[in-house]
S.K.: 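Structure provided below as structure tokens; questions to follow.
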Number of protein chains: 2
Amino acid sequence: MLAKKTQYALKALTYMAEQHSAGPFLIADIGSKKKIPIKFLESILLELKKAGILNSKKGKGGGYFFNQDPSTIQLATIMRLIEGPIALLPCVSLHFYKKCNDCNEKKCGLNKIMKEVRDNTLSILENRTVQDLV
Amino acid sequence: MLAKKTQYALKALTYMAEQHSAGPFLIADIGSKKKIPIKFLESILLELKKAGILNSKKGKGGGYFFNQDPSTIQLATIMRLIEGPIALLPCVSLHFYKKCNDCNEKKCGLNKIMKEVRDNTLSILENRTVQDLV
DNA sequence: CTTTATCCTTCAATTTCAATAGGAAAATAT
DNA sequence: ATATTTTCCTATTGAAATTGAAGGATAAAG
């Protein structure tokens, strides 16, 4: 199960992508529509901004908006950014790999199956974008 | 990423299934071979026993052994038992479903994609057994 | 120069996770 | 019987992560 933070991030992006306007969108609006605590959401959006996914404008008429076209933002990117590894085991992760100290990965049946799960999951999450959420 | 507890459970079962003998296997042996803290492993194996996956015998010559044929134990069963939900969101979980309060699940793009991930993952985890780990 | 809204740091509550301690109960061997 | 071995059970601890709040700084607009 994804952490609440990740769920919130995905929901917020979904909301933004669903709107007809390109923004900017207020934290308070996103939060009330998607039932996300404002202050928590604030930190999440800031993180997305620092990663270059979103951009923002301060003051009246300000808010958050996409810094890239939503159709270019992979869901896998968001999840790795907020959640961390997508794989189920460290020894099977592409971006957060850690060597297994109790088995030979080449021969390990668990490793093999978990890699299969990973590849299946990535084939979806790396080929769907924020645009596909609408 | 799976919790350490779940990783340990899978590793312990892998170890047991790999042996030529049918056991019983000592907690201490499994723990030292798979680098799992003994006391932690103890509670995990007990949990697997209470769920009917394993059985045990006390005293000299005792230990843990399979209560069912490893080829009948789905990996999904183990994961749900120790980890909980396999799905990435509550609103797409089959065994731990929780309704979404901020979207219409029928129309939600996030819901749709996460269901796809879930189905893909389950198609592997429900069709691979502990026996497939060797 | 007031209002609006994001930015940033700090902090706090709670929960979860990982692991340990210590002994009770059961089985076996002597 | 008694000692040894091994699982069973309860409780607790310590650390870390999660979730979220407080309060003010900064920037933009009117």
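First the proteins, then the strands, lettered A, B, ... as listed; each starts at 1. Only a predicted model underlies this, so the values are computations on that prediction, with no experimental measurement involved.
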S.K.: Which is true for A/Ile27 with a 4.0 Å heavy-atom rule: it touches a base, it touches only sugar-phosphate, or it touches nothing?
M.R.: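 It contacts sugar-phosphate atoms only.
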
S.K.: Between D/dG20, D/dT7, C/dA19, which nucleotide gets closest to the side-chain atoms of B/Ser56?
M.R.: D/dT7

S.K.: From the options D/dG20, D/dA29, D/dT5, select the nucleotide whose nearest atom is closest to the side chain of A/Lys60.
M.R.: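 Minimum distance to the A/Lys60 side chain belongs to D/dA29.
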
S.K.: Indicate yes or no for a side-chain donor-acceptor contact from B/Thr77 to the backbone of B/Ile73 under 3.5 Å, with no hydrogens or angles considered.
M.R.: no

S.K.: Contact class for A/Leu26 (heavy atom, under 4.0 Å): base, sugar-phosphate, or nothing?
M.R.: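 The residue A/Leu26 makes sugar-phosphate contact but no base contact.
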
S.K.: Does this structure show an ion pair linking A/Glu47 with A/Lys5, if we count only N-O contacts that are shorter than 4.0 Å?
M.R.: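 Salt bridge: yes.
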
S.K.: Using whole Å, report how far CD of A/Gln7 lies from P of D/dG20.
M.R.: 11 Å

S.K.: Send over the distance from A/Glu42 CD to D/dT19 P, rounded to a whole Å.
M.R.: 17 Å

S.K.: Figure out the CD/P separation between A/Glu83 and D/dA17, and round it to whole Å.
M.R.: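 Result: 13 Å.
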
S.K.: Kindly point out which of C/dA19, C/dA21, D/dA21 is positioned nearest to the side chain of A/Lys39?
M.R.: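 Closest nucleotide among those given: D/dA21.
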
S.K.: Identify whether the distance between the nearest side-chain nitrogen and carboxylate oxygen of A/Lys39 and A/Glu42 falls below 4.0 Å.
M.R.: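 Result for this pair is yes, salt bridge flagged.
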
S.K.: Expressed in angstrom and rounded to an integer, what is the separation of A/Ile44 atom CD1 from D/dA21 atom P?
M.R.: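 Whole-Å distance recorded here is 12 Å.
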
S.K.: Whole Å only: how far is the CD1 atom of A/Ile82 from the P atom of D/dT18?
M.R.: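 These atoms are roughly 12 Å apart.
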
S.K.: Which one, D/dA27, C/dA25, C/dT20, comes nearest to the side chain of A/Lys58?
M.R.: D/dA27

S.K.: Can you figure out which of C/dA29, C/dA26, D/dC9 approaches the side chain of B/Lys50 most closely?
M.R.: D/dC9

S.K.: Taking for each residue the nucleotide of DNA chain D bearing the nearest heavy atom, is the 5' side occupied by B/Gly61 or by A/Pro37?
M.R.: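 Closest to the 5' end, via its nearest nucleotide, is B/Gly61.
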
S.K.: Using a cut-off of less than 4.0 Å, is there contact between a side-chain N or O of A/Tyr8 and OP1 or OP2 of D/dG20?
M.R.: yes

S.K.: May I have the distance from B/Asn55 (atom CG) to D/dT6 (atom C1'), rounded to whole angstrom?
M.R.: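 Rounding to the nearest Å, CG of B/Asn55 and C1' of D/dT6 are 14 Å apart.
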
S.K.: Indicate, yes or no, whether a donor-acceptor pair under 3.5 Å links the base of D/dT19 to the side chain of A/Lys4.
M.R.: no

S.K.: Is any N or O donor-acceptor pair between the side chain of A/Lys5 and the base of D/dG20 shorter than 3.5 Å?
M.R.: no

S.K.: Rounding to an integer number of Å, can you tell me how far A/Ile38 CD1 sits from C/dA5 C1'?
M.R.: 12 Å

S.K.: Check for me whether the distance between the ring centres of B/Phe65 and B/Phe25 falls short of 6.0 Å.
M.R.: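 They do not qualify: ring centres at least 6.0 Å apart.
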
S.K.: Round to a whole Å and report the spacing from CZ of B/Phe40 to P of C/dT16.
M.R.: 15 Å

S.K.: In the single-linkage hydrophobic clustering (I, L, V, M, F, W, Y; side-chain heavy atoms under 4.5 Å), do A/Ile38 and A/Leu48 co-cluster?
M.R.: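 Linked within one cluster.
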
S.K.: Please determine if a side-chain N or O atom of A/Lys57 lies less than 4.0 Å away from the OP1 or OP2 oxygen of D/dA29.
M.R.: yes

